[in-house]
Amino acid sequence: MKFASSYEPNQYESDIYAAWEAAGVFQPLVPTVPIDDDGNGVDDRFHENAKYYSIVMPPPNANGNLHIGHGLTIALEDALTRYYRLRGRSTWYVPGADHAGFETWVVYERALEAEGHTRFEFDRDELYARVWDFVAMQRGNMELQLRALGASCAWNDLTFTLDENVIDRVYTTFEKMWNDGMVYRGEKLVNFCPKHQTAFADIEVEHRDEPGTLWEIVYPVVQDEDVKSCASEASSLAPVVTGLASSIAPVVANASESHNLTSLIVSTTRPETLFGDTAVAVNPNDARYADLVGKMVRLPLTDREIPIIADEHADPEYGTGVVKITPAHDFDDFEVGERHDLPRIQVISEEGKMINVPEKYLGMGAAECRKAVLSDLKEQGFLKGEKQITHSVAHCYKCGTVLEPTLKEQWFVDVKKLAKVAISHLENNEIRFYPENKARVLINYLENLKDWNISRQIPWGIAIPMFRKVDEEATDEPEWIFDRRTHLKEIERSGVKYVRDEDTFDTWFSSSHWPIVCTDWSEENPTPYYPLNVMETGVDLLFAWVARMIMMGLYVTGEVPFYEVYMHGMVLDAHGKKMSKSKGNVINPMDLVAKYGSDAFRLGIVRGRGAGMNQAFSENSVISGRNLCNKLWNISRLIQNIVDEDDGDKAGVLSANLFSGPTSSSSTSYAGTPGEPSPSETNPSGASGIYVSELANRTLSRGKDIAATPASSSSYTNDNMGEDWICREISECVKQVEDCMNDYRFSEAVEVLYSTIWDKYADWFIESQKIYRNVPLLKRTLETLLIALHPFAPFVTEAIWQNLSWTDGFIITQEWPCELKYDPITAEQFESVIGIVSEVRGTLQSLPGASNAKKYALMYDKDSLVEDNLLLIRNLTKVPAAVALDGAPRGLRIALANHELYLDVPEKVVALYKDALTEKILSVGRELDGLNARMMNPNYVDKAPAELVKETRDAISDKEALIARLKQQLEVI
RNA sequence: GGGCUUUUAGCUCAGUUGGCUAGAGCGCAGCAUUCACAUUGCUGAGGUCACAGGUUCGAGCCCUGUAAAGCCCACCA
């Protein structure tokens, strides 16, 4: 086994991943469908005691590349997966690929246009087949990238959103909804993109605040004597009423006199839609217009008369308080129209051309028509004024085109009932959210949800399994029937012909089944992996996806689809700005993986990131991850060297007896057969813990001349430097990582591992082991740290595991480490050694001149702790000698309260230290003052916990002692 | 208009039920270096925890208000 002097991720990563995959370690241990005849396994599928752990990947777009957000998703989900796998759960991480209906369609149509074709040259089925090939061609990229990131997902179970079982499940749900009356065909206003020629759900609309013009237009009131046919107008749907002579001159309304108003002024940002007006509305409580309600106004530029109605929608405070009602082109007006049973006149076609308008305007584009209308209004004196305003405008989130509210017949899901059920389960706290507040945000959203348009006029997607009757005469037959045979354009039932609706489902309709379809849940075979343990995804998908999965999960299975939801925030660039192609600040995760390694990327992207927070990301954090990998690699290299040197001793035999679970690999149970689940994940209490003091295999380092031989002492064991201490530190680290994983505090987990490995293990323990060696303990502690870091840095830990001479199997299938036993008193004593070394180093640094460490010897006075650790102290401080004080103290006293240590510094140099010493006394004095002030407060002594008070008291005596010593020193100078 | 979030070192962020001298990474300064690692080691500088009140023996943390930044939802014609 050979360790190169630095870790080169590229040399290992792909081989390791291939080896894992070949060994089948990603697949769950326990079959995903209950095989028990008497239905066992169903009972224990509940979260708390479950031995299962399931998580599904938010499916990346099948024809795209992974972006930085995917990188984060995979890093987090895979960390969870690997962690729970190490804890012995039967872990199922289901990978996915998304057909991404509209997204992919847009990309494809662009490609099609680039080839000089248009969608209109092909029928729907041809287009579907073409996009299928288009996606199939690129689909491998995304999957390779997931592998490069180290996702330990069950590839055998990869689910594509157009897989047969997905479509089947979606149809089953749709049929159930159809039968339950939860889905209906309705003519409503929908958001329609004129460029893409499809409707959207509300959630897909992007609102932007934009400057616009508000025009004021005069609508003359039809005086009583002029009224011909009263409100029966509504029945005469002819858009252009002819033959009515204009007898009314446009007169500006006199606002103070409500009785003899001859005209009303309405404000609009869309004058071209006035041809679609079927009423004007005033607020029912608006006294100014009370008398006019029920009368008619004449629509400018036409001969049509429309009623004045009273509706709450009109805001008396806004403008003149009068609003024109265009039910076919405005969402509010549509609702007003429904309340008052107004006709809907569509004046802009789906292609954006004027229809149902006077001859002059017919066929114009909407923008062109607006100009013409304004000019005509002005000419005829109907335009009273205009002003600039800012208003929010709906845009297509893909192409930015202004969406046209368009009247269309579509399939709608009655979400009210679904939402109600979801809300009750959410209020019952059945799903835990990270961050917590998202639950309330979600409830608020669900409470205001409107019916969901699931029809899309694009070919790429799951065909809606509904067929429309063609034969008008078969009056007894239903207009629409459900049928799964969507590969047919036309079917026959009871001798009646039906044609398929050409539309496809909104992707979110099928995606809302994701937890169900990925786990193969079915009514007959409810898998123990559903509900999922956790749903991890980005905050931007709370409404679009998470909300719908919850509603659909409950509707289909009666259970929430997952127990916990972790939502990561957006990854912003180094300056906290959103990444976007146009800004050119997009970071490609694969570039970073190639440059620094997969582990470095994972460590970097996880670091400094909390649930739900949009946070900046820079290459620096990846670099620091790379450094950690290299550090760990070199720690392992050193330990392997020590082990090699130690070979031939009895150490090998000894260590074999000491290890319990971890090194006896469980790889047999991964051999492909559904084996038993790993042993219980709880630590077998004490079974494999070791008392380090019992480990006898210690050897002094060779060939060093020793200034003072370690003396034996009754109070300290001279050959145990740092051993209890590191066992304590590692045990605490492992415990903290467990807590963090439990609460999804990934960043903190990485932080703890980082500092334990680097600042504690490498800087102190490994250093001490260069002098005194405990080979079994070195092996044991290294294994523990490798396993603990594995969820976050899978490749380097596996690479090391494979390179170490004494380890077996894969690290990925090891058992999560249990606590290392230690003696707390000894551990604490080592803390003092650290304090001594640090203080000596600091003092040496503050003395004038370079390379001080080599100049001055260290002297100690009757101090068994120092004596016992002399070699280590000497090596770490690099002083030329460390000796017992002979005679009276001399030189420079080290600023420690409980240890008498001196640096053998000439008086002249000590004098130069005077300022530093004075400053030190002052700063300790300030701390002491603070502590004293606290103790002077009787309430503190009274009310604070006794333990805390005692600590304060101890600290005071320490500080006092220190100050006394330092002052003594000052006097000498 | 409604809702959510953030504000701690030069930068990006931790700080879990309130508790001793507020931490990390990167950056910066000084020193070191054949002997696991320059992807290194050691040392250090740098913070009135946005502001103002309040609760408490004690507040970065809890409460109230203010300011700034960001995000989401929404039917301003």
Side-chain angles (χ1 to χ4, degrees), chain A residues 3 5-7 202-203 207 214 266-270 281 313-315 317-319 322-326 330-336 389-392 435 437-438 440-441 444-445 448 539-540 542-543 569-570 572 574-576 596 600 604 607-610 612-621 623-642 739-740 743 745 747-748 751 754-755 759 762-763 766-767 770 838 841-842 844-846 850-854 876-878 923-924 926-927 930-931 934 937-945 948 951-952 955:
Chain A
F3 281 90
S5 66
S6 68
Y7 174 60
D202 297 343
I203 192 124
H207 291 275
L214 191 62
V266 302
S267 304
T268 180
T269 52
R270 306 201 56 195
H313 168 62
D315 177 3
E317 308 290 320
Y318 192 94
V322 186
V323 56
K324 74 193 208 46
I325 304 298
T326 323
D330 182 281
F331 288 98
D332 297 330
D333 295 2
F334 181 85
E335 285 179 14
V336 175
I389 56 154
T390 301
H391 62 149
S392 116
N437 71 299
K438 296 295 173 199
R440 285 198 318 278
V441 175
N444 185 50
Y445 170 77
N448 299 307
V539 275
D540 52 333
L542 179 63
F543 299 152
M570 301 293 101
L572 309 174
H575 307 287
Y596 301 108
R607 177 166 277 213
R609 217 160 274 284
M613 303 251 289
N614 298 346
Q615 277 158 331
F617 170 75
S618 80
E619 206 162 313
N620 282 340
S621 59
I623 291 173
S624 108
R626 188 264 320 253
N627 294 354
L628 178 66
C629 294
N630 190 58
K631 188 76 183 179
L632 193 59
W633 179 262
N634 273 289
I635 288 169
S636 308
R637 180 156 89 122
L638 174 66
I639 291 176
Q640 182 64 59
N641 287 344
I642 292 174
D739 290 347
C740 288
D743 295 343
R745 300 198 312 269
S747 176
E748 214 179 320
E751 213 73 45
Y754 191 102
S755 75
D759 305 341
D763 289 354
I766 295 287
E767 288 304 320
K770 285 178 180 172
S838 301
R841 280 169 172 171
L844 285 166
Q845 288 274 349
S846 62
S851 307
N852 282 320
K854 287 190 168 160
L876 292 185
T877 56
K878 298 201 170 72
S923 96
V924 177
R926 280 191 294 270
E927 288 164 22
L931 293 171
R934 192 176 309 155
N937 184 340
N939 282 325
Y940 175 70
V941 184
D942 235 30
K943 295 184 182 173
L948 197 65
E951 271 176 35
T952 311

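Reminder, nothing fancy here: chain letters follow the sequence lines and each chain counts from 1. Below, all heavy atoms of this structure are taken into account, side chains as well, without hydrogens, waters or symmetry copies.
If you check every strand for non-hydrogen atoms under 4.0 Å, A/E751 touches sugar and phosphate atoms only. Counting any heavy atom pair closer than 4.0 Å across all strands shown, A/Y596 reaches no nucleic acid atom. Heavy atoms of A/S267 sit under 4.0 angstrom from primed sugar atoms or phosphate atoms, though from no base atom. Residue A/R626 is in base contact, counting any heavy-atom pair closer than 4.0 Å across all strands shown. Residue-level contact check: A/S747 touches neither bases nor backbone, having no heavy atom under 4.0 Å from any strand. Contact annotation for A/R607: backbone-only contact, meaning every heavy-atom pair under 4.0 Å involves sugar-phosphate atoms and none involves a base. Nucleic acid contact for A/S5: sugar-phosphate only, since backbone atoms but no base atoms lie under 4.0 Å from a heavy atom of the residue. Using a 4.0 Å heavy-atom criterion, one finds that A/R926 contacts no nucleic acid atom at all. Across all strands, A/H575 comes closer than 4.0 Å to no nucleic acid atom at all (heavy-atom distances). Across all strands shown, A/P945 has heavy atoms under 4.0 Å from base atoms, whether or not it also approaches the sugar-phosphate.
The heavy-atom pair separating A/A616 from A/R609 by the smallest distance is O-NH2, 3.1 Å. Minimum interatomic distance between A/A314 and A/A281 (heavy atoms only, all atoms of both residues): CB-O, 3.7 Å. Across every non-hydrogen atom of A/S618 and A/A574, the tightest pair is CB-CB, 3.8 Å. Between A/F543 and A/I203 the shortest heavy-atom distance is CB-CD1, 3.2 Å.
Closest to the side chain of A/E767, out of B/C57, B/A36, B/U21, is B/A36. Candidate nucleotides B/C13, B/U40, B/G25 were compared by shortest atom distance to the side chain of A/Y754, and B/G25 ranks first. Picking from B/G30, B/A24, B/U40 the nucleotide with the shortest atom distance to the side chain of A/Q845 gives B/G30. With distances taken from any side-chain atom of A/R841 to the nucleotides B/C57, B/U40, B/U43, the minimum falls on B/U43. With B/A14, B/C37, B/U39 as the choices, the nucleotide that has an atom nearest any side-chain atom of A/Q615 turns out to be B/A14. For A/Y940, taking side-chain heavy atoms from C-beta onward, the closest of the listed nucleotides B/C57, B/U39, B/C26 is B/C57. Checked against B/C26, B/A36, B/A14, the side chain of A/L638 finds its nearest nucleotide in B/A36. Counting only heavy atoms from C-beta on, A/N627 has its side chain closest to B/U39 among B/U56, B/A74, B/U39.
Under 3.5 Å, the side chain of A/E748 and the base of B/A24 form no donor-acceptor pair of N or O atoms. Remark: the A/K770 side chain and the B/A36 base include a donor-acceptor N/O pair separated by less than 3.5 Å.
Taking the ring centre of A/F617 as origin, the terminal cationic atom of A/R607 falls outside the region bounded by 6.0 Å and 45° from the ring axis.
Comparing the C1' positions of B/A32 and B/G10 gives an interatomic distance of 26 Å, to the nearest angstrom. Separating the C1' atom of B/A22 from that of B/G60 is a span of 8 Å, rounded to the nearest Å. A gap of 26 Å separates the P atoms of B/U17 and B/U12, to the nearest Å. Taking atom P on both nucleotides, B/C4 is separated from B/C63 by 13 Å, rounded to a whole Å. Rounded to the nearest Å, the gap between the P atom of B/G41 and that of B/U5 is 40 Å.
Using a 4.5 Å cut-off on side-chain heavy atoms (C-beta onward), A/N937 and A/V941 make no contact. Under the 4.5 Å side-chain criterion, counting only non-hydrogen atoms from C-beta, A/I325 is not in contact with A/D330. You'll find the side chain of A/R841 reaches within 4.5 Å of the side chain of A/L876, heavy atoms only. At least one side-chain heavy atom of A/V539 sits less than 4.5 Å from a side-chain heavy atom of A/N614.
A straight line from CG of A/D942 to P of B/G58 spans 13 Å, rounded to a whole angstrom. Rounded to an integer number of Å, the gap from CD1 of A/I325 to C1' of B/C76 is 13 Å. Note: CG (A/L542) to P (B/C73) measures 10 Å, nearest angstrom. The NZ atom of A/K878 sits 7 Å away from the C1' atom of B/A32 (whole-angstrom rounding). Going from atom CD1 of A/I635 over to atom P of B/U39 covers 17 Å, rounded to whole Å. Rounded to a whole Å, the CG atom of A/N614 is 13 Å from the P atom of B/G70. When the P atom of B/U12 is taken as reference, atom CD1 of A/I623 falls 17 Å away, rounded to whole Å. To the nearest angstrom, C1' of B/U43 lies 13 Å from CG of A/D763.
Residues that satisfy the side-chain hydrogen bond (donor to acceptor under 3.5 Å, both in side chains) test with A/S5, not counting sequence neighbours, are absent from this structure.
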Polar atoms only, N or O, under 3.5 Å: list the protein pairs with nucleotides 2-9 of chain B and their distances.
from, atom 1, to, atom 2, distance (Å)
B/C4, O3', A/N437, ND2, 3.2
B/C4, O2', A/N437, ND2, 3.0

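Of the residues near RNA chain B, A/S838 and A/N634, the one whose nearest nucleotide (by heavy atom distance) lies more toward the 5' end is A/N634. Where A/K324 and A/S621 meet RNA chain B, the nucleotide closest to each residue was compared, and A/S621 sits on the side nearer the 5' end.
For the strand RNA chain B, secondary-structure stems (runs of at least three Watson-Crick or G-U pairs, all distances below 3.5 Å) span B:1-7 with B:67-73, B:10-13 with B:23-26, B:28-32 with B:40-44, B:50-54 with B:62-66.
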- [ ] Could you give me the CA-CA distance, side-chain angles and deciding distance for A/W633 and A/S6, then say whether side chain to side chain contact (heavy atoms under 4.5 Å, CB included) is met?
- [x] CA-CA 7 Å; A/W633 179 262; A/S6 68; 5.5 Å; no
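Between the CD atom of A/E767 and the CG atom of A/L638 there is a distance of 8.5 Å, given to the nearest 0.5 Å.
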